[in-house]
Protein chains: 2
Amino acid sequence: MTEPTSETSGHNNSGTAGTGSGYKPAMSAAPHILVVDDHREIRDLVSRALSRDGYRVSTAADGRAMRKALVDSRIDLVLLDLMLPGEDGLSLCRALRAESNIPVIMLTAKGDEVDRVIGLEMGADDYVAKPFGSRELIARIRAVLRRSGEAPASAHGERPKHYRFDRWALDTGARELLRDDGVTVPLSTGEYDLLIAFAERPQRVLSREQLLDLARGRSAAAFDRSIDTQVSRLRKKLERDPGEPKIIKTVWGGGYMFTPAVEHK
Amino acid sequence: MTEPTSETSGHNNSGTAGTGSGYKPAMSAAPHILVVDDHREIRDLVSRALSRDGYRVSTAADGRAMRKALVDSRIDLVLLDLMLPGEDGLSLCRALRAESNIPVIMLTAKGDEVDRVIGLEMGADDYVAKPFGSRELIARIRAVLRRSGEAPASAHGERPKHYRFDRWALDTGARELLRDDGVTVPLSTGEYDLLIAFAERPQRVLSREQLLDLARGRSAAAFDRSIDTQVSRLRKKLERDPGEPKIIKTVWGGGYMFTPAVEHK
DNA sequence: CGGTTCAGTCACAGTTTGTCACAAAATGGC
DNA sequence: GCCATTTTGTGACAAACTGTGACTGAACCG
């Protein structure tokens, strides 16, 4: 496979211009859409259309790539081809549904009503028949995104979870960070989101761009140092000696790595 | 956003009128109507007609979306298509009836008298056959809303419920907030409504707009800070240390989150 | 060892939020 | 209806949060 199966394209709007239609400045960032289709032409086509409209786009050619993209970044919506080699779209959709509530729009070549019914029963949020126009697709996407919570940031959120690492306990239900000795250390929203992104992917190098996507749901600007600052702030609260961090290690030229073993309940 | 698929639209300039003459009770805000139909054209059509008439409108394409809308916002009336893929309208209607008394108007393509009878038996409050004119639809809606309690705000209210969280007990029957030690803490109507909205959706980030809809049944104005003030007041009564709230947490740039586990009896 | 690039952190500015005081509105009693 | 009381929303200002620029130090390269 020489071909990049899961890259991001599309730029983040810088506020005023850019975004195809949104005159709502409140939206913190463009939604991140994952296109899963085995035909490259379709991926490229859809990908271009969506980025043109201001969305951030990643692509995947099969189920495995899809899963990887879902772990590596914070996806707001999945465009899923019904017919895929290996696992087909329906089972992927069902699996996706089973463990998250990321909205899914099904794509299919056939216009069968049957497929549509099956798709919706499998938990797809909408259904678009190929060939489709980009205007229609975008309208559907916008509709589904709006319907499914309006707040793309919390699209992941579901059952409260509980993480333990080092001498810390992180409770997503209470949104609290608790130290061994019983003291609750207050975290700002940004610090909390960043810590969750880390705790869910321990012992892996995470690039700044990835962290920005995972924690803030946006893509990096030219010289974006905001993650560094946030890591610095987080270290000050987490580390015994922020000058020599043990928990969040720096990977020179690569990003950061959350090193402790995480007990994930 | 040319296409209002599931946002609220339509303003009500309630304001001054109010006084005296009325069969119309001081309606605080426009009723919020949920349109459930799998055909987009119908959703759009109906949606436009209703917003033009001043209603706030959300839409859903299937049962799942309907349920989501019902949890996410305070719906005053449901327009429900009889024929839906997956679960059909009748079972949805019955389910809806089972756990709330939100009025339902059934839509159906066929003019069968049979359907009508079944629909009404299932608990629908009225029945409109497609194709229908918007004038007729709106007349029916107004009639049903008036009939069903006249006060859209209390459309949800049904069996008294009992919530327990942290060291508090909230009794919707008595409309009282009781602390562990037996002391009853008086809440104003607004504080009470807001607390109910929170207690029914624990461990979820709720935007200010959503809270405004859930607790006050209206949509947000430009720089509406009333929710912040109300949260502040509520915190002063609920929290041990209002300066460092544990129960209602702030999500910077996102809204608020009610963190304690809620025992819901 | 010197130059270059990358990372840590501080200070600052732009936003967002907390909260007080006050006015408008609703409520209740007469 | 009229006035006292309570409640709710608004404006204003302080505090908190986040991202950016600047400066400094550390890591890499030859």
Side-chain angles (χ1 to χ4, degrees), chain A residues 12 14-15 25-29 153 186-195 205-209 211-212 215-239 241-245 248-257, chain B residues 14-22 25-29 151 153 175 186-195 205-209 211-212 215-239 241-245 248-257:
Chain A
N12 186 9
S14 43
M27 187 184 305
S28 62
L187 293 179
S188 78
T189 304
E191 290 159 357
Y192 174 84
D193 289 343
L194 182 58
L195 183 52
V205 179
L206 301 171
S207 72
R208 289 175 173 72
E209 180 154 3
L211 287 167
L212 211 48
R216 300 283 182 289
R218 62 187 181 85
S219 50
F223 292 111
D224 206 322
R225 299 288 311 281
S226 59
I227 285 297
D228 299 60
T229 312
Q230 214 59 312
V231 166
S232 173
R233 286 168 180 149
L234 198 47
R235 277 174 174 162
K236 260 190 259 187
K237 295 188 177 177
L238 283 181
E239 305 277 0
D241 174 12
E244 194 181 311
I248 304 178
K249 291 254 174 77
T250 302
V251 179
W252 206 88
Y256 297 96
M257 183 165 154
Chain B
S14 55
T16 50
T19 352
S21 73
M27 185 184 297
S28 63
R175 235 164 193 271
L187 292 179
S188 78
T189 308
E191 290 160 355
Y192 176 85
D193 289 343
L194 182 58
L195 183 53
V205 179
L206 301 172
S207 72
R208 288 175 174 72
E209 183 160 358
L211 287 167
L212 211 49
R216 301 282 182 290
R218 63 186 179 83
S219 46
F223 291 113
D224 206 321
R225 298 286 312 281
S226 58
I227 284 296
D228 298 59
T229 313
Q230 213 61 311
V231 165
S232 175
R233 285 168 180 147
L234 201 46
R235 276 175 175 162
K236 257 191 265 186
K237 296 189 177 177
L238 285 180
E239 304 276 359
D241 174 13
E244 194 181 307
I248 304 178
K249 291 258 171 80
T250 302
V251 179
W252 206 87
Y256 297 96
M257 181 166 156

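Note that the coordinates shown come from a computational prediction; the quantities given were computed from them, not determined experimentally. A, B, ... follow the sequence lines: proteins, then strands. Residue 1 opens every chain. Atom set for the values below is all heavy atoms of this structure, side chains included, hydrogens, waters and symmetry mates excluded.
Side-chain N/O atoms of B:Ser188 include none lying less than 4.0 angstrom from OP1 or OP2 on D:dT7. A:Ser232 has a side-chain polar atom (N or O) that falls below the 4.0 Å cut-off from OP1 or OP2 of C:dT9. Close to D:dG19, at under 4.0 Å from its OP1 or OP2, lies no side-chain N or O of A:Arg225. A close approach under 4.0 Å does not occur between any side-chain nitrogen or oxygen of B:Thr189 and OP1 or OP2 of D:dT7. For the OP1/OP2 pair of C:dT17 and a distance below 4.0 Å, the side-chain nitrogens and oxygens of B:Arg208 include at least one atom meeting the criterion.
Note: CD (A:Gln230) to C1' (D:dC17) measures 8 Å, nearest angstrom. The interatomic distance linking A:Asp228 (CG) with C:dT5 (P) rounds to 17 Å, in whole Å. Straight-line distance from the CD1 atom of B:Ile227 to the P atom of D:dT10: 11 Å, rounded to whole Å. Regarding A:Leu194, its CG atom lies at a distance of 15 Å from the P atom of D:dC17, rounded to whole Å. When rounded to the nearest whole Å, the span between CD of A:Glu244 and P of D:dA27 equals 11 Å. The interatomic distance linking B:Leu187 (CG) with D:dT6 (P) rounds to 16 Å, in whole Å. To the nearest angstrom, C1' of C:dG18 lies 13 Å from CG of B:Asp241. A:Leu234 places its CG atom 14 Å from the C1' atom of D:dC17, with the value rounded to the nearest Å.
Of the candidates C:dG18, C:dA7, D:dT10, D:dT10 carries the atom nearest the B:Asp224 side chain, counting heavy atoms from C-beta on. Of the listed nucleotides (C:dT17, D:dG9, D:dT18), D:dG9 has the atom at the smallest distance from the side chain of B:Arg218. Comparing atom distances between the B:Trp252 side chain and each of D:dG19, C:dT17, C:dG18 picks out C:dT17 as nearest. For A:Lys236, the listed nucleotide lying nearest its side chain is C:dC10; candidates were C:dC10, C:dT19, D:dT20. Which of D:dG9, D:dG19, C:dT17 sits closest to the side chain of B:Arg233 comes down to D:dG9.
DNA chain C is contacted by both A:Val251 and B:Thr229; A:Val251 maps to the nucleotide lying nearer its 5′ end (nearest heavy atom per residue). Take the nearest nucleotide of DNA chain C for A:Tyr256 and for B:Gly255: the residue whose nucleotide is more 5' is A:Tyr256.
Annotation: side chain of B:Leu234 is in contact with side chain of B:Leu187 (closest heavy-atom distance under 4.5 Å).
Put simply, OG1 on B:Thr250 and OH on B:Tyr256 are 5.0 Å apart, with the number rounded to the nearest 0.5 Å. Note that CD of B:Gln230 and CG of B:Asp193 are 9.0 Å apart. Values are rounded to the nearest 0.5 Å. Distance CG/B:Leu211 to OG/B:Ser226: 10.0 Å, rounded to 0.5 Å.
Not a single donor-acceptor pair under 3.5 Å links the side chain of B:Lys249 to the backbone N or O of A:Thr189.
Taking a cutoff of 4.0 Å between a charged side-chain nitrogen and a carboxylate oxygen, A:Asp224 and A:Arg216 do not qualify as a salt bridge.
Here A:Tyr192 lies out of heavy-atom contact (under 4.0 Å) with every strand.
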